[in-house]
Amino acid sequence: MEHPAYTLSALTTVGGIIGYMRKKSIPSLVAGLAFGSVYAISGYLLHMNRDYGLELALGTSVALAASGIFRGALSVPLKPVPAILALCGTTGTVYYFRKYKEFYP
């Protein structure tokens with residue numbers, strides 16, 4: 001169950017670094033590192049079977065999906081970065097919500 005969290009951690013971190021390298025966007029770097037760190041922490045908590053790992057991964061996925069949808073709503077022709085953020089966040093949200101429902105029926 002921690003594999004998606006580690007994958008999303010890597011994707012968001014690399015995305016933030018690429019955003020900084022291409023456009024010198026410090027907000028992209030900060031957001032990418034922040035989301036990547038929180039996903040990594042949630043993956044670690046899930047791996048160690050500790051409390052709040054699932055909830056942290058779910059909350060981070062909801063926040064990532066919301067930021068992608070909000071950024072996408074502001075751009076009239078749909079740009080790839082907000083679409084990728086929304087897709088990754090929505091995928092994580094659906095996955096971790098299903099896992100949450102399995103453990104807490």
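Numbers here are sequence positions counted from 1. What you see is a predicted model; the values in this text were computed from it and never measured.
The closest side-chain heavy-atom distance from Tyr52 to Ser42 is not below 4.5 Å.
For Lys24 and Tyr20, the positive end sits near the middle of the six-membered ring, less than 6.0 Å away and at most 45° from its axis.
For the atom pair OH of Tyr104 and CD of Glu55, the computed distance is 4.5 Å after rounding to the nearest 0.5 Å. In this structure, the separation between NZ on Lys99 and CG on Leu46 is 10.5 Å, given to the nearest 0.5 Å. A distance of 13.0 Å separates OG in Ser25 from CD1 in Ile17, rounded to the nearest 0.5 Å. Remark: Leu54 CG to Glu102 CD distance equals 9.5 Å, nearest 0.5 Å. To the nearest 0.5 Å, atoms CD1 (Ile18) and CG (Leu29) are separated by 12.0 Å.
Closest approach of Ala40 to Ser9, counting heavy atoms only: CB-OG, 3.6 Å. Minimum heavy-atom separation, Leu58 to Phe97: CD1-N, 3.7 Å. Considering every non-hydrogen atom in both Gly43 and Glu2, the closest pair reads O-CB, 3.3 Å. Closest approach of Leu64 and Cys88 over heavy atoms only: CD2-CB, 4.1 Å. Across every non-hydrogen atom of Ala5 and Tyr96, the tightest pair is N-OH, 2.9 Å. The two atoms that bring Tyr39 and Ala57 nearest to each other are CE2-O, 4.0 Å, heavy atoms only.
Atom OH of Tyr44 is surrounded by 12 or fewer heavy atoms from other residues, nucleotides or ligands within 6.0 Å.
Hydrophobic clustering (side-chain heavy atoms under 4.5 Å, transitive across Ile, Leu, Val, Met, Phe, Trp, Tyr) groups Val30 together with Met21. The same ILVMFWY cluster, assembled from side-chain heavy atoms under 4.5 Å apart, contains both Tyr6 and Met48. Under a hydrophobic clustering in which Ile, Leu, Val, Met, Phe, Trp and Tyr are joined whenever their side-chain heavy atoms come within less than 4.5 Å, directly or via other members, Leu33 and Val14 fall into different clusters.
Leu87 pairs in a side chain to side chain contact (heavy atoms under 4.5 Å, CB included) with only one of the listed residues (Leu85, Ile84, Thr91, Thr90), which is Thr91.
Using a distance-only test at 3.5 Å, with no hydrogens or angles considered, a donor-acceptor pair links the side chain of Thr12 to the main chain of Gly36.
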Legend entry - Stepwise side-chain contact (heavy atoms from CB on, under 4.5 Å) test for Leu45 and Asp51: CA-CA 7 Å; Leu45 291 174; Asp51 291 338; over 6 Å; no
